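Worksheet for the structure shown next.
No experiment lies behind these values; they were computed from the predicted model shown.
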Amino acid sequence: ALHKAFPNLPVDTIVQTDIRGLFEVVSGQNVFYYYPEKEYLFIGEIITTGGKNLTAEKKGDIAAKFVKNLPLDKAVKIGNGKTVVIEFTDPDCPYCRKASEFFKSRTDVTRYAFFSPIAHPAAITKVYYILNAGDKAKAYQEMFEGKDAVQPASGYSESIKNLAREHMDLARSAGVTGTPTFFINGKQVVGADMPQIEKLLNDPAQTGK
C-alpha cells in the first residue's frame, strides 16, 4: 500500500507502531509515519506526555548503527582510553569547545573526531589545518583553544580538501544536523549535554565495564 501510494519513497523498514493503524517507516536516516487507511504520510515527531521523543530516539538508533561502519582511519584520533567516543564537531562552535575542554580531563577515552562546520563555514580552514598536521591531535587542541590556523605557503592540497569534504558527507549520511554530536556505546548525544555524556562514560551498565 505504501509503495503504491508513494512510489518514489525508498523504504528500508516499515513496522506497526503502538498506535493502531499507524506504521513507522524508515527511509535512510529519516523516520516517517504512514496511515494506510487514508494513505497519509506524516512527517514529524511523536512525543510522549513525559517528554520522551520517540522519533528522535529512533533516529539516534539508526545513526548509531551507521557509525559502527565509519572509516575511523580517516578521523582524528585523540587519546587511548578503552571507551570509544565518536564525535562530529566544529572548531568554531562554542558548545563543541566546551565539550572538548571536558574531554581533555578524561584519560579513559579514545575519541574519533569528524568535522562538520555546519553553522561556521569559515571554520573549514581550521579543519584543513588539523587534517594537514603531522600531529593531528595537537592541532585539534590548538584550534579548539581558539588559536589561529597558519596556512602553508603552498596552500592545502586537494587530498586534504577532499578529506574534509568526506568528513562532511559522512556527517550528512549519519543524519547529523548540528554540532557537537556524539556516539558513545551505541547511544547518540546531541549537543554539549555533559551530564548525559558523563553518565554514558561512567555508568558500568552503559559502558559494559
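Under the 4.5 Å side-chain criterion, counting only non-hydrogen atoms from C-beta, Val127 is in contact with Pro91. You'll find the side chain of Val26 stays beyond 4.5 Å of the side chain of Asn30, heavy atoms only. Contact check for Asp108 versus Lys82: no side-chain heavy atoms found under the 4.5 Å cut-off. When side chains are defined from C-beta on, Ile47 does not count as touching Leu54, because their heavy atoms never get closer than 4.5 Å. In this structure, Pro71 and Leu170 have side chains that are in contact, with non-hydrogen atoms separated by less than 4.5 Å. Ile124 places a side-chain heavy atom less than 4.5 Å from the side chain of Met168. Within the 4.5 Å cutoff, the side chain of Ser173 has no heavy atoms near those of the Gln29 side chain. With contacts defined as side-chain heavy-atom distances shorter than 4.5 Å, the pair Val67/Phe182 does not qualify.
Judged by distance alone, with hydrogens and angles left aside, the side-chain atoms of Asp12 form a donor-acceptor pair with the main-chain N or O of Gly28 at under 3.5 Å. A distance-only check finds no donor-acceptor pair linking the side chain of Thr110 to the backbone of Val84 [under 3.5 Å]. For Ser27 (side chain) and Val11 (main-chain N/O), no donor-acceptor pair under 3.5 Å exists by modelled atom type. For the pair Gln16 (side chain) and Leu22 (backbone), a donor-acceptor distance under 3.5 Å is present. A donor-acceptor contact shorter than 3.5 Å is absent between the side chain of Gln151 and the backbone of Ser154.
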> Which is it for Phe115 and Leu131 under the side-chain contact (heavy atoms from CB on, under 4.5 Å) test, yes or no, and what are the steps along the way?
Replying inline: CA-CA 10 Å; Phe115 300 102; Leu131 296 177; 4.1 Å; yes
Self-check item: Trace of the side-chain contact (heavy atoms from CB on, under 4.5 Å) decision for Leu200 with Val85
Solution: CA-CA 10 Å; Leu200 290 171; Val85 175; over 6 Å; no
Run the side-chain contact (heavy atoms from CB on, under 4.5 Å) check on Val31 and Val25 step by step: do they pass?
CA-CA 6 Å; Val31 177; Val25 180; over 6 Å; no
- prompt: What do the steps show when you test Thr179 against Tyr95 for side-chain contact (heavy atoms from CB on, under 4.5 Å), and what is the final call?
  reply: CA-CA 8 Å; Thr179 55; Tyr95 301 103; over 6 Å; no
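Glu142 contributes atom CD, which lies 10.5 Å from atom CG of Asp148 (distance to the nearest 0.5 angstrom). Atoms OG1 and OH, from Thr17 and Tyr35 in turn, are 11.0 Å apart once rounded to the nearest 0.5 Å. The CZ atom of Phe88 sits 8.0 Å away from the OG1 atom of Thr181 when rounded to the nearest 0.5 Å. The CD atom of Gln141 sits 4.5 Å away from atom OG of Ser100, with the distance rounded to the nearest 0.5 Å. Rounding to the nearest 0.5 Å places NE2 of His120 at 6.0 Å from SG of Cys93. Between the CD1 atom in Ile160 and the CD1 atom in Ile130 there is a gap of 11.0 Å [rounded to 0.5 Å].
At a threshold of 4.5 Å between side-chain heavy atoms, the hydrophobic network of Ile, Leu, Val, Met, Phe, Trp and Tyr places Phe114 and Ile197 in two separate groups. Both Leu163 and Ile78 belong to a single network of hydrophobic side chains, linked directly or stepwise wherever heavy atoms of I, L, V, M, F, W or Y lie under 4.5 Å apart. Residue Met194 is grouped with residue Val189 when hydrophobic side chains (ILVMFWY) are merged at heavy-atom distances under 4.5 angstrom, including chains of intermediate members. Taken together through direct or relayed side-chain contacts under 4.5 Å among Ile, Leu, Val, Met, Phe, Trp and Tyr, Leu9 and Ile43 form part of one hydrophobic cluster. At a threshold of 4.5 Å between side-chain heavy atoms, the hydrophobic network of Ile, Leu, Val, Met, Phe, Trp and Tyr places Val190 and Ile86 in two separate groups.
Under a cut-off of 6.0 angstrom, the local environment of OH in Tyr40 is sparse, with at most 12 non-hydrogen atoms contributed by other residues, nucleotides or ligands. By the neighbour-count criterion of 12 heavy atoms within 6.0 Å, atom CZ of Phe6 is densely surrounded, having more than that number from other residues, nucleotides or ligands.
Here the two rings, on Phe42 and Tyr33, have centers that are 6.0 Å apart or farther. Checked against the 6.0 Å centroid criterion, the rings of Tyr112 and Phe183 do not qualify as a close aromatic pair.
In this structure, a donor-acceptor pair under 3.5 Å is absent between the side chains of Glu39 and Tyr34.
The pair Lys58-Asp61 does not count as a salt bridge, with every side-chain nitrogen at least 4.0 angstrom from each carboxylate oxygen. Under 4.0 Å is where a charged nitrogen must lie from a carboxylate oxygen, and between Lys104 and Glu101 at least one such pair does. Taking the charged nitrogens against the carboxylate oxygens, Lys126 and Asp90 have no contact shorter than 4.0 Å, which rules out a salt bridge. A salt bridge does not link Glu45 to Lys59: none of the charged nitrogens lies less than 4.0 Å from a carboxylate oxygen.
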For residues 132-140, tabulate all N or O donor-acceptor pairs below 3.5 Å that involve a side-chain atom, not counting sequence neighbours.
from: Asp135; atom 1: OD1; to: Ala137; atom 2: N; distance (Å): 3.4
from: Asp135; atom 1: OD1; to: Lys138; atom 2: N; distance (Å): 3.1
from: Lys136; atom 1: NZ; to: Ala133; atom 2: O; distance (Å): 3.1
from: Tyr140; atom 1: OH; to: Glu87; atom 2: OE2; distance (Å): 2.7
from: Tyr140; atom 1: OH; to: Arg111; atom 2: NH2; distance (Å): 2.7

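Nearest heavy-atom pair, Ala123 versus Pro117, reported as atom, atom and distance to 0.1 Å: CB-CB, 4.0 Å. Across Ser105 and Phe102, no two heavy atoms sit closer than the pair OG-O, 3.0 Å.
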